[in-house]
Amino acid sequence: MMNSRREFLAGFSGMLAVTSLPVAALATTDFGIAEASGTCTERIDLNGTWRFQLDPDSSGVTRKLQESDADTSAWNSVMVPHTWQINQDSADYYGNAWYRREFEASPEWAGKIVRIEFEAVFHSATVWVNGRKAGEHLRKGYTAFAFDITPLLRYDAPNVVVVQANNLFDEAMLPRGRSSDWTHDGGMYRPVSLLVTPKVYIERVIVDSVPNLNAKTAELSISAVIHNGGTKPWRGTVAYRVEEDAVKTAVEKSQAVLTTVKPGESATIALPKGVIRDVKLWHFDHPNLYALTAEIAGKDNPEHQLTTTFGVRSIEVKEGAFYLNGERVRLMGVERMAGSNPEFGMAEPTSWIVHDHDDMKELNCIFTRVHWPQDKRVLDYCDRHGILIQTEVPTWGPNTFKDMRDKPSPEIMENGLEQLREMVAHDRNHPSIFSWGLCNEIGGQNPPAYNFAKRMLEEAKKLDPRRLCSYASNSLQSTPDKDVSALMDFIEWNEYYETWYPGTPDSVRKNLAEIAKTFPGKPIVISEYGYCACTVDRPEGDQRRIEILNDHDRVFRESAAVGGLIFFCYNDYRTHVGDKGVGVMKQRVHGVVDLFGARKESYEVLRHESSPVESIRVKGHPGSFTVSIRNRNSVPAYALIGYKLRAILYGPGEIPLERREVALPDMASGQDVSIPIMFGEKGAMRVQFDVLRPTGFSARTHVWKP
């Protein structure tokens, strides 16, 4: 099995599964996609300087701030992406605010479709262009949306786009009211763009890739969503080609499907199945990607093309364990709470997203979850650098279903379904997405919470049948058989003995055994555990965090039912219910780094605990070292394929003088290997040994000193 993974390995896992799609195909013809200029979506960046004004009395519409000629002389200038919560004067402001900017419409856009795309506005947005309403996206603060503004444009004067944003706590949305424990940063906090396409264009492409591990192939099921923004029926062809993303080598192309799309409508077109041979699988240590380009053509002329990346991988639950590409794996990582740096809030620049996730990779994080749908830059990072992630609908806390009887309220149920649909539609092609998270700590034995999670699970399976689904439960301490966890593909348990509820490591052991007995055949993910200095009886002290991490990990490693651990959390995090700090610094101290990313002592402990390398032992001297490496046989546990040992010798003055690098043999879980390393340089003050992942991150460090 390990050898087949090595040959097979460099790749991704299949993303999307699509069944019973409406097909408008009339015929199939031979087709090869030509490289045609001007057929891709033109993306115009609308980030940067906008005018901005708070609206504490919600009088903006009455004062006609949406009009093109509104007086904005008293407004401030801000840089979008933006949240007003990072300014001390408005850190605690919840309500309406207004954004405004101008842009020029190019004459070349005439006869085309122009959309404005917002990657997220928290939590509600109403958009006007030149004083006319373009659309609204309400009570869904973490998903992308776009409006067709073609009929609203003018070409003889600058165009004025105005956005009213609102972040008031709202009882009719998720997260409901004040139930959540994170920051509710208002504003246009993710990027904004104009999208210019032909009148008939591809909205999105749906990719489902299913690997055959024995044949080293992958079957592709592809669908394209095509929109006709014109006034006449469109008749043409649609086809695709697939390339290895890294080298742009073509690996598959389809025949063209002849189809018709009615004016003003969107159609989902199923394309001929494809096969990738000698497929390179996606894996967190080998994050190989493919690029699929779909193209539509009318009368033999290419009209529009859209490219998406995807990966080929299989994730299965069988025999009470997780299997990634046919290999049993036990995963480990840490959760990050976005928006916690007070310099940026939720309006994080790419550099900070990369900073935090590089830091998580150094922590040996290959498995994480998040409380809400993520910025696509986060998911792109996970795709390209190798982190499996569960992204979730932002349903948090038992108060979500307060004052509800047997069923959730219709508005909460519908809001949850809408956010789930938008999340899946936007993100499902990412191979890094391990599972869809349906909710978190809702009190899963309470009837309305139970029925909510059950309905969400049904919808998720309809939207994406092949991907795993679960929910993070904090209600498994007693009568676990009554919890809605029983319906999920695997069990997630937020375990907080010695923090949020009393107990000892033995309490963890007994509760874990009961959960495993209740749900035989389902792996258990400890979806949160750790230490929060959130009450007066639990003062901040990183040593206590270290003790709980070590003590609880020992218990988890005793149980074969534990398939994954996610420590909570990577960072101290900003939250409107914070018990420490004020204004923009209001926070909960829960992490191994602080709000600004400064590492605590617990960082290195978590790094070692999360490493698949259990130990590095060094014997001898620089002229003749023997380095013994042991692969861990408990969480985290997976084969080490394509790893290296790097050794750097430092002389007087901490000057690096010599480097040696040796490829490690493939190592199964629990296996030992010994490697000789010899240096010619004399006078070593220390030698640093690192076991390097194929992605270049260090999995374990050992320092030798004479």
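Residues take their numbers from the sequence shown, with the count starting at 1. Excluded from the calculations below are hydrogen atoms, water molecules and symmetry mates; all remaining heavy atoms, backbone and side chain alike, are included.
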K216 bridged to D278 by N-O distance under 4.0 Å: no

Would you call S193 and I44 a side-chain contact if the rule is heavy atoms closer than 4.5 Å? no

Heavy-atom nearest pair, I366 first then G386, reads CG2-O, 4.0 Å

Is V127 close to V163 at the side-chain level, that is, under 4.5 Å between some pair of heavy atoms? yes

K253 to Y240 six-membered ring, cation-pi geometry met (6.0 Å, 45°): no

Between CD on residue E459 and CG on residue L417, distance to nearest 0.5 Å: 5.5 Å

How long is the straight-line distance from CD of Q374 back to OH of Y381, given to the nearest 0.5 Å? 14.0 Å

Whether the E303 and W234 side chains hold a donor-acceptor pair (N or O, under 3.5 Å, no angle test) is what I'd like checked. yes

Are the side chains of T293 and L306 in contact, using a 4.5 Å heavy-atom criterion? no

Over all atoms of both residues, closest heavy-atom pair of K140 and E418: NZ-OE1, 3.3 Å

Using the rule given for side chain to side chain donor-acceptor pair (under 3.5 Å), can you reason through S124 versus H137, listing the C-alpha separation, both sets of side-chain angles and the distance that settles it, and then say yes or no? CA-CA 6 Å; S124 293; H137 187 256; over 6 Å; no

Quick one: does any side-chain atom of E348 pair with a main-chain N or O of G339 as donor and acceptor, under 3.5 Å? yes

Check whether any side-chain N or O of S209 sits under 3.5 Å from a backbone N or O of G311 as a donor-acceptor pair, and report yes or no. yes

For P287 and T695 the tightest heavy-atom approach is CD-CG2, 3.7 Å

Aromatic centroids of F367 and F284 separated by under 6.0 Å: no

CG on L331 to CD1 on I315, rounded to 0.5 Å: 8.5 Å

Does a side-chain heavy-atom distance below 4.5 Å link T391 with W436? yes

Check step by step if side chain to side chain donor-acceptor pair (under 3.5 Å) holds for S266 and E203. CA-CA 9 Å; S266 293; E203 289 185 27; 2.5 Å; yes

Donor-acceptor pair between R377 and T350 side chains, under 3.5 angstrom: yes

So for atom NZ, which belongs to K232, do other residues, nucleotides or ligands contribute more than 12 heavy atoms lying within a distance under 6.0 Å? no

Contact summary for R132 and P151, nearest pair of heavy atoms: NH1-O, 3.3 Å

Donor-acceptor contact present, side-chain D666 to main-chain I641, <3.5 Å: no

Any K461 side-chain heavy atom under 4.5 Å of C469 side chain: yes

Between N212 (side chain) and T217 (backbone), is there a donor-acceptor pair under 3.5 Å? no

Tell me if a side-chain donor or acceptor on R101 pairs with a main-chain N or O of L46 at a distance below 3.5 Å. yes

Show the nearest heavy-atom pair for residues R369 and E335, with the distance to one decimal. O-CG, 2.9 Å

Could you walk me through whether R384 and D245 satisfy the salt bridge (Lys or Arg N to Asp or Glu O under 4.0 Å) test, starting with their C-alpha distance in whole Å, then the side-chain angles of each, then the deciding distance to 0.1 Å, before giving a yes or no? CA-CA 10 Å; R384 295 186 178 279; D245 187 62; 2.9 Å; yes

Would you say that more than 12 heavy atoms from the other residues, nucleotides or ligands in this model lie under 6.0 Å from the NZ of K199, or not? no

May I ask you to decide if P694's main-chain N or O and D285's side chain share a donor-acceptor pair within less than 3.5 Å? no

Can you list everything that forms a side-chain hydrogen bond (donor to acceptor under 3.5 Å, both in side chains) with S527? Sequence neighbours excluded, please. N494

Would you call the rings of W109 and F103 parallel, tilted or perpendicular, where under 30° means parallel and over 60° means perpendicular? tilted

Locate the shortest heavy-atom distance separating A291 from T307; write the atom from each residue and the value. CB-CG2, 4.2 Å

Stepwise salt bridge (Lys or Arg N to Asp or Glu O under 4.0 Å) check, E414 with R421: CA-CA 10 Å; E414 183 57 29; R421 290 165 186 151; 3.5 Å; yes

Quick check for you: to the nearest 0.5 Å, what is the distance between L195 atom CG and E42 atom CD? 10.0 Å

Parallel, tilted or perpendicular: which describes the rings of H283 and Y638, with under 30° parallel and over 60° perpendicular? perpendicular

Exercise: do Q419 and T143 side chains pair donor with acceptor under 3.5 Å: no

Kindly say whether H385 contributes a backbone atom to a donor-acceptor pair with the side chain of K361 at under 3.5 angstrom? yes

When you look at E458 and K454, which way does the salt bridge (Lys or Arg N to Asp or Glu O under 4.0 Å) test go after all the steps? CA-CA 6 Å; E458 293 168 351; K454 180 176 182 289; 3.0 Å; yes

Quick one: OG on S223 to CZ on R204, what's the gap to the nearest 0.5 Å? 9.5 Å

Run S435 and Q390 through side chain to side chain donor-acceptor pair (under 3.5 Å) and show every step you take. CA-CA 5 Å; S435 51; Q390 174 174 291; 2.7 Å; yes

Quick check: do C382 and F434 have side-chain heavy atoms less than 4.5 Å from each other? no

What distance do E219 atom CD and E252 atom CD have between them, rounded to the nearest 0.5 Å? 10.5 Å

Parallel, tilted or perpendicular, judged at 30° and 60°: which one describes the rings of F145 and F118? parallel

Hey, is the main chain of S351 close enough, under 3.5 Å, to the side chain of H355 for a donor-acceptor pair? no

Are R43 and E117 close enough for a salt bridge, meaning some N to O gap below 4.0 Å? yes

K133 side chain vs T126 backbone, donor-acceptor pair below 3.5 Å: no

Non-neighbouring partners of T150 that pass side-chain hydrogen bond (donor to acceptor under 3.5 Å, both in side chains), sequence neighbours left out: D148

With a 3.5 Å distance limit and no angle check, can you tell me whether D383 reaches the backbone of S432 through a side-chain donor-acceptor pair? yes

What I'd like to find out is whether the side chain of E104 reaches to under 4.5 Å of the side chain of N159, using heavy atoms alone. no

